[in-house]
Participant: 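Next up is a structure, given as structure tokens.
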Amino acid sequence: PRPARTQALTRCDRAPRTPGFKLNAINHDRFPGLQPAPMRRHGSTMLPVSRHQLFALIWLVTFLAVSLAHAHPHVRINVDAAIVIEADTVRGVRYAWHFDQAYLEGLKEEYDTDRDGTLSDAELQVWLALAIKNLAHFKAFTHLKHGAGAVLLEPASDIRMQRTAGGLTLQFFVKPTKPVNVKTAALQIDIYDATFFTEFVLGTGRGVVIEGTGKEACLAEVALAPGGQQQKAISAFMKVFGKLDAKLAPAKAITVTCGG
């Protein structure tokens, strides 16, 4: 049998990302061979089925099948995060995502195109290009909340890949569309995949640190977040599909405060 694929950042959009599980708009380019108004049988009469009805049916069947098949994490990523502060204001988060050697071995199935048993830099660049695309699509799997409101993010930047003794590290920077003052209210940072294909584990290497001017007056805490956005996504998923196939690590979030 073919081994399970481990390309967390190179998959298609398998399921909705939000706790409400709203279906994304259908990309008709995925079905280039379909003709409008196919027929369906009603008794002995063939009735036309609208193009939109057929697309909706295909999308629903695909969504349910894939969601149930991937209702548990296939990939674990160890996450280090540096919160960049400037005078009580969060300017962004500098990430280092660590993939272990087993993940790197799994990539060979698809990316070792010359079948020499190793991944060249050129072959890994193909993986990186798809990883960049998915970072943009899934908004770096990062969810920010300032006080009671959500915070929008700009696309990830300064994206780099580095081989390590333990596997592979992906480094990049994300920042809010507007600076966030964490003296007036705390900033909560949740890092998770609402499709549960990927599990993110915080603070296993360098951990979570604060960088920048005025960092001495600020604090970044990693703690269990039973009421956080990740836990809400888990609850929403279980409400629809019943359960997850594997136990996730307890949901944690980063809380950043300055002063006080």
Side-chain angles (χ1 to χ4, degrees), residues 8-9 13 16-20 22 24 77-98 128-129 131-162 169-195 198-234 251-260:
L9 292 176
D13 184 5
R17 299 183 60 252
T18 60
K22 295 180 180 179
N24 292 333
I77 301 175
N78 294 322
V79 177
D80 292 334
I83 316 300
V84 180
I85 294 283
E86 184 179 316
D88 300 332
T89 299
V90 172
R91 297 291 180 178
V93 182
R94 196 177 309 282
Y95 280 122
W97 288 4
H98 305 289
L128 179 61
I132 291 172
K133 181 179 178 180
N134 277 286
L135 281 175
H137 180 80
F138 290 96
K139 302 186 186 304
F141 301 91
T142 299
H143 312 261
L144 304 184
K145 185 178 180 181
H146 184 228
V151 178
L152 299 178
L153 287 171
E154 293 186 4
S157 61
D158 193 22
I159 303 172
R160 294 173 290 167
M161 173 187 62
Q162 180 181 358
T169 295
L170 185 68
Q171 298 174 315
F172 59 95
F173 184 72
V174 295
K175 65 178 182 179
T177 54
K178 296 180 181 179
V180 178
N181 189 307
V182 286
K183 192 170 186 178
T184 57
L187 175 67
Q188 181 172 300
I189 305 172
D190 281 286
I191 308 161
Y192 66 90
D193 177 4
T195 69
T198 308
E199 180 179 12
F200 297 92
V201 182
L202 283 168
T204 54
R206 183 187 180 195
V208 177
V209 299
I210 294 181
E211 298 178 348
T213 58
K215 64 180 182 179
E216 296 78 11
C218 300
L219 181 65
E221 295 182 291
V222 178
L224 295 175
Q229 298 176 77
Q230 180 180 359
Q231 190 58 53
K232 290 178 182 177
I234 293 172
K252 293 183 179 181
I254 306 169
T255 301
V256 184
T257 55
C258 289

Participant: What is the distance from atom NZ of K145 to atom OG1 of T255, rounded to the nearest 0.5 Å?
Facilitator: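 It is 10.5 Å, given to the nearest 0.5 Å.
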Participant: Is the shortest heavy-atom distance from the side chain of F173 to the side chain of V84 under 4.5 Å?
Facilitator: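 Touching, per the 4.5 Å side-chain cut-off.
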Participant: When rounded to the nearest 0.5 angstrom, what distance separates CD1 in I159 from CD in Q171?
Facilitator: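 I159 atom CD1 to Q171 atom CD measures 11.5 Å (nearest 0.5 Å).
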Participant: Under the ring pair (Phe, Tyr, Trp, His ring centres under 6.0 Å) rule, collect the residues that match up with F172, sequence neighbours excluded.
Facilitator: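 Y95, W97.
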Participant: Do I189 and T142 have side chains that get closer than 4.5 Å, going by heavy atoms?
Facilitator: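 Answer yes - side chains close enough.
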Participant: Return the minimal non-hydrogen interatomic distance between D80 and H98, and the atom names on each side.
Facilitator: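 Closest approach of D80 to H98: OD2-NE2, 2.9 Å.
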Participant: Of all the heavy-atom pairs spanning H143 and Y192, show the shortest one and how long it is.
Facilitator: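 In terms of heavy atoms, the two residues are closest at CD2-CE2, 3.3 Å.
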Participant: Using side-chain heavy atoms (C-beta onward) and a distance below 4.5 Å, is E221 in contact with L219?
Facilitator: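 In contact.
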Participant: Indicate the atoms forming the closest heavy-atom contact of D88 with K183, along with that distance.
Facilitator: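 D88 and K183 have their closest heavy atoms at OD2-CD, 3.3 Å.
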Participant: If you round to the nearest 0.5 Å, how far is NE2 of H146 from CG of L187?
Facilitator: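 It is 6.5 Å, given to the nearest 0.5 Å.
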Participant: Working to the nearest 0.5 angstrom, can you tell me the gap between I85 CD1 and C218 SG?
Facilitator: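 It comes to 4.5 Å.
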Participant: Checking N134 side chain against H137 main chain: does a donor-acceptor pair fall under 3.5 Å?
Facilitator: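 Here the side-chain-to-backbone pair does not exist.
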Participant: Could you tell me which non-hydrogen atom of V90 sits nearest to which non-hydrogen atom of P176, and how far apart they are?
Facilitator: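 Looking at all heavy atoms of both residues, the shortest contact is O-CG, 3.9 Å.
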Participant: If you define the side chain from C-beta out and look only at heavy atoms, does anything of L135 sit under 4.5 Å from L170?
Facilitator: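 In contact.
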Participant: CD of E216 to SG of C258: how many Å apart, nearest 0.5 Å?
Facilitator: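 Going from the CD atom of E216 to the SG atom of C258 covers 10.5 Å.
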Participant: Under 4.5 Å between any side-chain heavy atoms of I83 and V209, yes or no?
Facilitator: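 They are not in side-chain contact.
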Participant: For residues I254 and A220, report the shortest heavy-atom separation together with the two atoms involved.
Facilitator: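 Where I254 meets A220 most closely, the heavy atoms are CG2-CB, 4.3 Å.
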Participant: Atom CG in L128, atom NZ in K133: separation rounded to 0.5 Å?
Facilitator: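 Reported value, rounded in 0.5 Å steps: 14.0 Å.
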Participant: Are the side chains of V182 and T184 in contact, using a 4.5 Å heavy-atom criterion?
Facilitator: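 No - every pair of side-chain heavy atoms lies 4.5 Å or more apart.
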Participant: Where do R94 and D158 come nearest, in terms of heavy atoms and distance?
Facilitator: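 Closest approach of R94 to D158, heavy atoms only: NH1-OD2, 4.1 Å.
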Participant: Does any part of the side chain of L153, heavy atoms only, come nearer than 4.5 Å to the side chain of L144, both counted from C-beta?
Facilitator: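 Of all side-chain heavy-atom pairs linking L153 with L144, at least one is under 4.5 Å.
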Participant: Who pairs with E86 by salt bridge (Lys or Arg N to Asp or Glu O under 4.0 Å), at least two apart in sequence or on another chain?
Facilitator: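 Expected list: R91.
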